[in-house]
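To start, the structure itself, in structure tokens.
Computed from heavy atoms alone, side chains included, the values below leave out hydrogens, waters and symmetry copies. Reminder, nothing fancy here: chain letters follow the sequence lines and each chain counts from 1.
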Amino acid sequence: MQYWLMKSEPDDVSIDDLAAEPQRAFPWTGVRNYQARNFMRDAMQVGDLAFFYHAGCAEPGIAGICEICSESYPDPTQFVAVDPYFDPKSTRENPRWWLRDVRFAGRGRYLSLGALRACPELANMRLLARGNRLSITPVTIGEWVFITRLLALNS
DNA sequence: GCCAACGTTGGC
DNA sequence: GCCAACGTTGGC
């Protein structure tokens, strides 16, 4: 069991979208970074939990929790010529980009980036590291427990 | 919209 | 394998 943090732009997919259809598996499309891809393709396991982070919005922060609910498979958007995530160098025989499905797993208080930065317990969190842009990052068990308490969730 | 930081590309 | 140029991320 491992823990993760996954960034999404809420204008694209938000925690509200997941919560509205809690049984639905949402494919995590659009990751075009090799490190993040490797986390999804190789490191994640079905049943892992992730903080669902809202990025690129007025108040970025942790909005809830989702569960990894599929094995990895090729991101279909890489093959679609009109898709913004189209990758002409990828082929169906040898896909570059892999993803997993996630589904809603809970939510609590909204924890803004500022609130997270204010916690000395999270000083070493990957999300908060200077210059971090990675859209998927591992979360330590200590960080997970601390933050879920802040969310006022049991998980 | 700005810009710092980072990742990728491609010439050499 | 180096590195300059370029593109992207994402907070502000």
Side-chain angles (χ1 to χ4, degrees), chain A residues 2-20 26-44 48-68 70 72-140 142-144 146-153:
Chain A
Q2 287 182 271
Y3 301 97
W4 307 94
L5 182 141
M6 301 171 76
K7 296 179 184 174
S8 178
E9 298 197 6
D11 286 348
D12 183 12
V13 182
S14 77
I15 193 72
D16 296 325
D17 298 322
L18 270 67
F26 287 74
W28 202 267
T29 55
V31 167
R32 295 295 181 268
N33 170 284
Y34 288 104
Q35 219 178 332
R37 178 206 67 179
N38 291 347
F39 287 143
M40 284 204 287
R41 190 188 61 182
D42 308 327
M44 284 180 176
D48 282 358
L49 295 173
F51 292 125
F52 192 105
Y53 181 91
H54 283 181
C57 54
E59 191 171 38
I62 291 175
I65 294 178
C66 60
E67 178 184 359
I68 308 304
S70 82
S72 61
Y73 63 95
D75 181 343
T77 62
Q78 71 195 300
F79 306 123
V80 181
V82 296
D83 193 284
Y85 294 118
F86 176 63
D87 184 345
K89 293 179 181 171
S90 189
T91 65
R92 290 185 186 275
E93 295 71 30
N94 190 19
R96 274 192 178 188
W97 307 111
W98 296 68
L99 53 65
R100 295 198 183 229
D101 294 344
V102 304
R103 81 161 84 88
F104 182 71
R107 72 191 309 179
R109 296 175 49 227
Y110 188 85
L111 299 177
S112 71
L113 180 59
L116 296 170
R117 285 198 191 284
C119 297
E121 295 88 346
L122 301 177
N124 295 321
M125 195 176 179
R126 187 94 171 256
L127 170 75
L128 306 180
R130 182 170 173 270
N132 170 62
R133 295 185 316 167
L134 204 52
S135 65
I136 298 177
T137 48
V139 171
T140 68
E143 292 160 353
W144 183 267
F146 181 79
I147 292 171
T148 50
R149 283 185 187 140
L150 291 184
L151 287 165
L153 279 174

Subject >> Whether A:Arg100 side chain and A:Met44 backbone form a donor-acceptor pair below 3.5 Å >> reply: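 Flag set: sc A:Arg100 to bb A:Met44 pair under 3.5 Å.
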Original post:
5'-most contact on DNA chain C: A:Arg133 or A:Gly56, nearest heavy atom basis?
Top reply: A:Arg133
Original post:
Take atom CZ in A:Phe79; do more than 12 heavy atoms of anything else shown fall under 6.0 Å from it?
Top reply: yes
**OP:** Please check if atom CG in A:Asn124 has more than 12 non-hydrogen atoms from other residues, nucleotides or ligands closer than 6.0 Å.
**Re:**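 Atom CG in A:Asn124 is not crowded, with 12 or fewer foreign heavy atoms closer than 6.0 Å.
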**OP:** Would you mind telling me which residue lines up with the more 5' stretch of DNA chain B, A:Gln35 or A:Lys89, judged by nearest nucleotide?
**Re:**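 Here A:Gln35 is the residue nearer the 5' end.
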**OP:** Apply side-chain contact (heavy atoms from CB on, under 4.5 Å) to the pair A:Ile15 and A:His54, showing each step before the final yes or no.
**Re:** CA-CA 8 Å; A:Ile15 193 72; A:His54 283 181; 3.8 Å; yes
Subject >> Aromatic centroids of A:Phe51 and A:Trp144 separated by under 6.0 Å >> reply: yes
**OP:** Would you check if the distance from the ring center of A:Tyr73 to the ring center of A:Trp98 is below 6.0 Å?
**Re:** no
**OP:** Apply the ring-ring contact (aromatic ring centres under 6.0 Å, His included) test between A:Phe52 and each candidate in A:Phe104, A:Phe26, A:Trp28; give the one that qualifies.
**Re:**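 Testing each of A:Phe104, A:Phe26, A:Trp28 against A:Phe52, the sole residue satisfying ring-ring contact (aromatic ring centres under 6.0 Å, His included) is A:Trp28.
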Subject >> Contact interval (first through last nucleotide) of DNA chain B with protein chain A, 4.0 Å heavy-atom >> reply: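 Using the under 4.0 Å cut-off, the span is B:dA5 to B:dG10.
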**OP:** Just report the end-to-end axis angle for the helix from B:dG1-C:dC12 to B:dC12-C:dG1, five pairs per end, to 10 degrees.
**Re:**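 One end's axis against the other's: 10°.
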Original post:
Does A:Asp16 have any salt bridge (charged side-chain N to carboxylate O under 4.0 Å, His left out) partners at least two apart in sequence or in another chain, and if so, which?
Top reply: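 Expected list: A:Arg107.
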